[in-house]
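In what follows, chains carry the letters A, B, and so on, assigned in the order in which the sequence lines appear, proteins first and then strands, with residues in each chain numbered from 1.
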Number of protein chains: 2
Amino acid sequence: MKEGPDIARVAALLGDPARANMLTALVSGRALTAAELAQEAGVTPQTASSHLAKLEAGQIVTLRRQGRHRYFTLSGPDIVEALEVLMGIANRVGHNRVRTGPKDPALRKARVCYDHLAGEMGVALFSGLAARKLIVSDHNGVMLSDAGVSFADEFGIDLDGLRRNRRPLCRECLDWSARQSHLAGAFGAALLSRFYDLGWARRSKDSRIVTFSPKGEQSFKSLCDAPETISRFL
Amino acid sequence: MKEGPDIARVAALLGDPARANMLTALVSGRALTAAELAQEAGVTPQTASSHLAKLEAGQIVTLRRQGRHRYFTLSGPDIVEALEVLMGIANRVGHNRVRTGPKDPALRKARVCYDHLAGEMGVALFSGLAARKLIVSDHNGVMLSDAGVSFADEFGIDLDGLRRNRRPLCRECLDWSARQSHLAGAFGAALLSRFYDLGWARRSKDSRIVTFSPKGEQSFKSLCDAPETISRFL
DNA sequence: TTCATAGTTCGATGTTAATCGAAGCATCCG
DNA sequence: CGGATGCTTCGATTAACATCGAACTATGAA
């Protein structure tokens with residue numbers, strides 16, 4: 001008598017730690033090889049292979065063969081959405097896999113969390129935007145204010161484009177090191193991507209560290225502090 | 001080195017068929033007892049008890065004791081959101097737990113799918129609203145048109161209230177019997193609830209069947225067909 | 001061809017966890 | 001006080017599955 005889509009089957013695929021790690025590594029949108037995903041998940045290549053086979057069979061990821069590499073990507077934006085919602089729930093109920101404190105100071109300062117900015121600078125960005133009332137946060141979550149919309153426009157972020165896929169614009173994400181919120185969601189990701197494009201920052205190759213240039217960091221600071229227009233940064 | 005919320009832990013809680021059944025039964029918002037949930041999930045009370053203990057420990061559901069009954073509800077709107085996203089994914093990838101064809105014609109005609117209308121009438125509603133351009137569907141999903149917004153207003157649905165919680169207004173849900181889309185999401189649920197309030201239909205006590213009164217069915221038909229104003233139905 | 005790299009399959013092992021029967025509490029009713 | 005109902009705990013069974021070592025396949029490079 002049970003009808004409808006089989007939620008459990010999909011959820012079970014996301015419900016294994018190794019697989020969840022692989023999938024969150026893929027949220028950035030970049031295609032990763034099986035070996036890279038194995039390392040992300042902290043398992044051996046054999047184990048990863050087995051997990052990836054399941055994820056592919058379940059159409060959670062898609063596979064692109066290229067030479068002797070097999071590149072995996074998420075099969076659609078709905079997977080990102082699911083991961084973010086689950087992330088939000090895990091945050092709310094306090095299920096964090098936080099064990100050790102942050103060691104590397106660079107990591108504590110600015111790093112990538114999925115595809116948005118985390119660390120002290122991530123928290124500063126969140127509170128800065130909130131102080132400038134560009135984002136407003138209530139008990140239901142975060143959203144862009146009208147001022148925030150025009151800010152995004154000025155800053156060169158195509159909000160309409162972002163709205164076109166169903167990923168929510170703004171989400172709160174509890175920061176592991178700072179224990180405060182930073183900004184996730186499509187807008188959070190777009191901001192970080194814009195920082196890259198503007199040359200303010202770049203991502204390290206092997207780690208999650210985000211390195212800001214001196215000039216970039218200064219611009220970033222003004223972005224978070226200044227209540228005045230931001231066009232002079234660009 | 002792994003940081004951030006523990007997605008896998010939450011997903012694993014949703015990833016068991018028995019638990020998923022219980023949770024989807026709770027999407028309606030009604031509080032259900034352990035025994036009712038056991039029946040929904042098709043397991044014995046002992047098994048249900050064990051599952052419910054896990055769900056409560058994981059803060060997916062909340063418990064309210066009342067006399068010798070224990071009423072369970074979902075712990076927040078984010079759980080509904082998660083279930084709907086997963087439902088969408090399961091639909092997309094074709095993971096349906098459809099086994100037998102629909103037997104009961106009444107069930108095939110109109111039934112409850114989670115908390116919205118499914119069956120032939122559910123499909124008729126979807127295509128009717130689409131034909132009247134009250135909802136528009138593109139590759140990213142469904143949304144209300146401007147005309148749809150004023151329609152909802154006229155029809156007595158508090159859109160602003162719905163928007164206040166984060167559950168998406170419109171979602172497509174593939175119909176089990178008719179193999180076409182019907183309307184899910186907060187708006188889909190609100191429509192069905194409005195049908196109840198208007199006396200057009202009522203839900204059977206023990207099954208998922210939705211029974212329309214003759215008058216109600218006629219009004220419903222006009223709702224789906226007529227391009228003119230709907231105020232005359234009210 | 002030979003070697004190295006990327007990835008898979010196979011097989012064995014250990015762990016987790018879902019399930020239900022039986023018995024135990026707790027609450028309400030008469 | 002029984003006796004019934006709602007639900008949980010205990011214990012045992014079973015099945016699923018995550019994991020990794022070892023061996024195998026496939027692609028590319030020298």
Chemist: Can you tell me whether the side chain of A:Q46 and the base of D:dG21 have a donor-acceptor pair closer than 3.5 Å?
Modeler: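 Per atom types, the contact qualifies.
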Chemist: Can a side chain N or O of A:K54 be found less than 4.0 Å away from OP1 or OP2 on D:dC17?
Modeler: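 It does not, given that no N or O in the side chain of A:K54 lies less than 4.0 Å from OP1 or OP2 of D:dC17.
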Chemist: Starting at atom OH of B:Y71, determine the distance to atom P of C:dT27, rounded to an integer number of angstrom.
Modeler: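 Distance, rounded to whole Å: 16 Å.
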Chemist: Relative to the 5' end of DNA chain D, which residue comes earlier, B:A53 or A:T47, by the nucleotide with the nearest heavy atom?
Modeler: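 Here B:A53 is the residue nearer the 5' end.
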Chemist: Can you tell me how far P of C:dA6 sits from CZ of A:R64, to the nearest Å?
Modeler: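 It is 17 Å, rounded to the nearest whole Å.
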Chemist: Which of the following nucleotides, D:dT19, C:dT19, D:dC20, is nearest to the side chain of A:A18?
Modeler: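 Nucleotide nearest to A:A18's side chain: D:dT19.
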Chemist: Ignoring hydrogens and angles, state whether a donor on the side chain of A:T62 or A:S75 is under 3.5 Å from an acceptor on the partner side chain.
Modeler: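 Side-chain D/A pair, A:T62 to A:S75: absent.
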Chemist: Should A:K109 and A:E120 count as side-chain neighbours, where that means a heavy-atom distance under 4.5 Å?
Modeler: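 Contact flag for A:K109/A:E120 side chains = yes.
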Chemist: Just compare D:dC7, D:dT19, C:dG7 and give me whichever is closest to any side-chain atom of B:A34.
Modeler: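 For B:A34, the side-chain atoms sit closest to D:dC7.
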Chemist: Taking the side chain as every heavy atom from C-beta outward, state whether B:H116 and B:L191 have any atom pair closer than 4.5 Å.
Modeler: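 No - every pair of side-chain heavy atoms lies 4.5 Å or more apart.
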Chemist: Heavy atoms under 4.0 Å, any strand shown: does A:R65 hit a base, just sugar-phosphate, or nothing?
Modeler: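 No contact at all - A:R65 keeps every heavy atom at 4.0 Å or more from the nucleic acid.
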Chemist: How many whole angstroms separate atom NE2 of B:H51 from atom P of C:dT16?
Modeler: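 Checked: the NE2 to P distance equals 18 Å.
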Chemist: Test salt bridge (charged side-chain N to carboxylate O under 4.0 Å, His left out) on B:E56 and B:R70; report intermediate values, then the result.
Modeler: CA-CA 12 Å; B:E56 207 216 335; B:R70 322 192 82 188; 6.0 Å; no
Chemist: Provide, to the nearest angstrom, the distance between the CG atom belonging to A:L52 and the P atom belonging to C:dG7.
Modeler: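 Computing the A:L52:CG to C:dG7:P distance gives 9 Å.
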Chemist: Heavy atoms under 4.0 Å, any strand shown: does B:A48 hit a base, just sugar-phosphate, or nothing?
Modeler: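 B:A48: no heavy atom of the nucleic acid under 4.0 Å.
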Chemist: Any side-chain N or O of A:S49 less than 4.0 Å from the OP1 or OP2 oxygen of C:dT8?
Modeler: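 So the side-chain polar atoms of A:S49 do come within 4.0 Å of the phosphate oxygens OP1 or OP2 of C:dT8, strictly under.
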Chemist: Please check the phosphate of C:dA18 (OP1 and OP2 only) for any side-chain N or O of B:R19 closer than 4.0 Å.
Modeler: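 Result: yes.
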Chemist: Closest to the B:D16 side chain: D:dT19, C:dT8, C:dT19?
Modeler: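 Side chain of B:D16 sits closest to C:dT19.
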Chemist: Round to a whole Å and report the spacing from CD of B:E56 to P of D:dT9.
Modeler: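 It is 11 Å, rounded to the nearest whole Å.
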Chemist: Does the distance from a Lys or Arg side-chain N to an Asp or Glu carboxylate O, for A:E81 and B:R92, drop under 4.0 Å?
Modeler: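 No salt bridge links A:E81 with B:R92.
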Chemist: Would you kindly give the CG-to-P distance between A:L14 and D:dA18, to the nearest whole Å?
Modeler: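 These atoms are roughly 13 Å apart.
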Chemist: Could you give the CG-to-P distance, from A:L32 to C:dA6, as a whole number of Å?
Modeler: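 Rounding to the nearest Å, CG of A:L32 and P of C:dA6 are 14 Å apart.
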Chemist: Just the rounded figure in Å: distance from C1' of C:dT19 to CE of B:M22.
Modeler: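 To the nearest whole Å, that distance equals 12 Å.
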Chemist: Counting just side-chain N and O atoms, does A:H69 come under 4.0 Å of either OP1 or OP2 of D:dA26?
Modeler: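 For D:dA26, OP1/OP2 do not have a side-chain N/O of A:H69 under 4.0 Å.
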